[in-house]
Amino acid sequence: MSNFQRGAFLTVLAAILLAAPQASADDSAAYITPNAFTGCDAGRINQAIEQAADTGQRVVIPRRNEREDETVDIWLLDSAILVQSGATLELDNCHIKLSDQSRDNMIRSANCGLGVTEIEPMRDIHIYGVGNVLLEGADRPRATGDSGKTLGERTYGTDAGIEGESQTGDWRNIGILLAHVENFRIENLRMKDTHAWAISLERCSAGYVGNIEFDSREGKEIDGEFETILNQDGLNLRVGCHDITIENLSGRTGDDLLALTNLARAEGGAEPGGTESTQVSGGTYRDGDDLRNVYIRNIRGRSVGRHGVVRLLNTRQGRLYNVVLDGVVDTAPP
């Protein structure tokens with residue numbers, strides 16, 4: 001290489017390096033990682049979310065989980081990740097799994113839960129995956145199925161027969177659960193072997209759910225036996241949801257892949273915050289609880305349990321209307 005060529009090469013290389021994005025203190029300060037905190041995995045993630053709520057930063061859960069005593073490639077949850085208003089939760093090529101001790105959601109809006117009878121509205125929640133992200137149920141779930149299923153009789157659960165523990169499924173078996181949330185996004189996730197519905201939305205609005213792959217079979221191998229796990233729907237929109245876009249759902253589910261189910265009662269529905277229902281926000285119809293204005297596009301998958309790929313269901317009180325369905329492919333074998 002001549003001196004002229006070498007000089008030209010160095011000039012071009014310098015230009016490339018100057019044009020490339022440069023790491024800075026501002027970049028690292030733009031997000032918070034749970035690796036900066038101590039405690040159990042769920043506790044560390046929730047500490048990061050609480051700090052981000054004060055600073056406006058996003059929370060990034062990376063692939064590497066740097067615990068105090070070891071570094072592993074899995075985040076094991078004993079309880080739910082609780083997202084707050086304004087939260088941006090980025091799952092970066094990570095594997096999140098429920099532990100065998102958990103009887104809780106994977107992710108839940110922080111405004112609802114056990115004993116919460118008055119659910120305050122939340123807004124601006126964004127949950128998204130980057131790269132290869134997996135959310136997975138426990139190896140031996142304590143409970144599965146909805147509130148109409150008895151543990152150990154119709155659906156699997158290690159809590160079956162244990163005194164003091166609810167003997168039916170409930171909303172805690174849902175993977176991602178949002179209630180009374182306006183302006184939200186859930187996207188780019190793979191969800192496997194969920195304990196009931198993978199994602200359920202209650203009284204949520206102005207939202208988007210897209211690019212979600214499901215992988216459930218209405219059961220799984222546990223200790224050498226195939227155990228039944230019922231109600232493994234993919235995505236459920238429930239009472240009062242409106243103005244929501246859904247697109248690019250795929251994979252296989254044990255129950256309905258996508259269901260719009262407005263099953264409110266005129267009176268006497270389950271109270272919010274109890275364990276008698278699969279709806280954490282209660283089941284009594286209120287003004288504005290119609291399920292409406294939903295745009296659905298490009299649904300491609302199958303129900304292993306021979307249920308619906310898309311199901312629309314409502315009661316007389318809970319009306320269901322203005323639903324656009326554009327493109328459904330059932331990938332089940334003949």
Side-chain angles (χ1 to χ4, degrees), residues 40 42 74 76-81 96-108 112-116 134-177 191-200 202 214-236 238 251-257 259 261 263 269-283 302-308 311 313:
C40 67
I74 192 169
L76 202 57
L77 304 180
D78 294 330
S79 58
I81 297 170
I96 296 175
K97 183 179 177 68
L98 290 173
S99 76
D100 290 353
Q101 288 71 48
S102 175
R103 188 167 179 176
D104 206 349
N105 313 109
M106 297 178 183
I107 301 173
R108 184 173 73 248
C112 60
L114 281 174
V116 180
L134 175 62
L135 277 64
E136 183 179 13
D139 292 331
R140 300 171 185 83
R142 290 178 56 188
T144 64
D146 66 18
S147 59
K149 308 301 187 296
T150 300
L151 306 183
E153 293 182 10
R154 299 188 62 191
T155 192
Y156 181 86
T158 59
D159 275 358
I162 295 180
E163 186 176 354
E165 299 293 346
S166 173
Q167 293 302 297
T168 63
D170 56 61
W171 51 264
R172 293 174 293 175
N173 290 339
I174 295 165
I176 298 175
L177 174 60
M191 303 186 71
K192 180 179 180 180
D193 292 333
T194 54
H195 299 176
W197 309 330
I199 303 172
S200 184
E202 303 178 22
F214 305 107
D215 186 7
S216 295
R217 298 176 293 151
E218 204 173 43
K220 63 178 292 187
E221 295 286 339
I222 300 177
D223 297 326
E225 298 288 338
F226 187 83
E227 302 287 355
T228 298
I229 297 176
L230 295 181
N231 306 112
Q232 286 184 313
D233 293 41
L235 168 63
N236 271 18
R238 310 220 70 201
R252 60 181 181 175
T253 55
D255 210 304
D256 304 322
L257 193 141
T261 54
L263 303 181
E271 292 295 318
T275 58
E276 301 79 24
S277 173
T278 323
Q279 289 189 165
V280 69
S281 63
R302 65 188 179 106
S303 169
V304 176
R306 299 185 181 182
H307 301 276
R311 187 182 191 191
L313 180 65

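Here, residue 1 is the first one in the sequence, and each next residue gets the next number.
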So, does [X] use its side chain to make a donor-acceptor pair with the main chain of [Y] at under 3.5 Å?
{"X": "Asp256", "Y": "Gly308", "result": "yes"}
{"X": "Gln279", "Y": "Trp171", "result": "no"}
{"X": "Glu202", "Y": "Ser281", "result": "yes"}
{"X": "Glu218", "Y": "Ile229", "result": "no"}
{"X": "Asn105", "Y": "Ile107", "result": "no"}
{"X": "Asp170", "Y": "Arg172", "result": "yes"}

**Study point:** Derivation and outcome, side chain to side chain contact (heavy atoms under 4.5 Å, CB included), residues Thr194 and Glu136
**Key:** CA-CA 6 Å; Thr194 54; Glu136 183 179 13; over 6 Å; no
Point-to-point distance, once rounded to the nearest 0.5 Å, from [atom1] of [X] to [atom2] of [Y]:
{"X": "Lys192", "Y": "Phe214", "atom1": "NZ", "atom2": "CZ", "result": "15.5 Å"}
{"X": "Asn236", "Y": "Asp255", "atom1": "CG", "atom2": "CG", "result": "8.0 Å"}
{"X": "Asp193", "Y": "His195", "atom1": "CG", "atom2": "NE2", "result": "8.0 Å"}
{"X": "Arg103", "Y": "Ser79", "atom1": "CZ", "atom2": "OG", "result": "15.0 Å"}
{"X": "Leu257", "Y": "Ser216", "atom1": "CG", "atom2": "OG", "result": "10.0 Å"}
{"X": "Leu98", "Y": "Leu77", "atom1": "CG", "atom2": "CG", "result": "5.5 Å"}

Minimum heavy-atom distance between [X] and [Y], given as atom pair plus value:
{"X": "Gly254", "Y": "Ser303", "answer": "O-OG, 3.7 Å"}
{"X": "Leu151", "Y": "Gly169", "answer": "CD2-N, 4.3 Å"}
{"X": "Ala259", "Y": "Asp233", "answer": "CB-OD2, 4.0 Å"}
{"X": "Arg142", "Y": "Gln101", "answer": "NH1-O, 3.1 Å"}

Exercise for review: Flag yes if more than 12 heavy atoms outside Glu221 fall under 6.0 Å of its CD atom; otherwise flag no.
Suggested key: yes
Practice item. Tell me, yes or no, whether the heavy-atom count around Arg140 atom CZ, taken from other residues, nucleotides or ligands under 6.0 Å, exceeds 12. Key: yes
Hey, does [Y] have a side-chain heavy atom less than 4.5 Å from the side chain of [X]?
{"X": "Asp100", "Y": "Pro141", "value": "no"}
{"X": "Thr144", "Y": "Leu230", "value": "no"}
{"X": "Lys220", "Y": "Tyr156", "value": "no"}

Practice item. Might you work through the side chain to side chain contact (heavy atoms under 4.5 Å, CB included) test for Val304 and Thr253, ending with a clear yes or no? Key: CA-CA 6 Å; Val304 176; Thr253 55; over 6 Å; no
Exercise for review: Start with the C-alpha gap between Ser147 and Thr278, add the side-chain angles, then the distance that decides, and say whether side-chain hydrogen bond (donor to acceptor under 3.5 Å, both in side chains) holds.
Suggested key: CA-CA 6 Å; Ser147 59; Thr278 323; 3.2 Å; yes
Practice item. For Lys97 and Asp139, run salt bridge (charged side-chain N to carboxylate O under 4.0 Å, His left out): C-alpha distance rounded to whole Å, both residues' side-chain angles, the deciding distance at 0.1 Å, then the answer. Key: CA-CA 9 Å; Lys97 183 179 177 68; Asp139 292 331; 2.9 Å; yes
Review point. Thr150 and Gln167: side-chain donor and acceptor closer than 3.5 Å?
Key: no
Review point. In terms of side-chain heavy atoms, does Arg238 have a donor or acceptor partner in Thr261 at a distance below 3.5 Å?
Key: yes
Practice item. Show the numbers, then the answer: is there a side chain to side chain contact (heavy atoms under 4.5 Å, CB included) between Met106 and Met191? Key: CA-CA 10 Å; Met106 297 178 183; Met191 303 186 71; 4.3 Å; yes
Point to revise | Asp215/Arg252 under side chain to side chain contact (heavy atoms under 4.5 Å, CB included): CA gap, chis, key distance, verdict | key: CA-CA 5 Å; Asp215 186 7; Arg252 60 181 181 175; 2.7 Å; yes
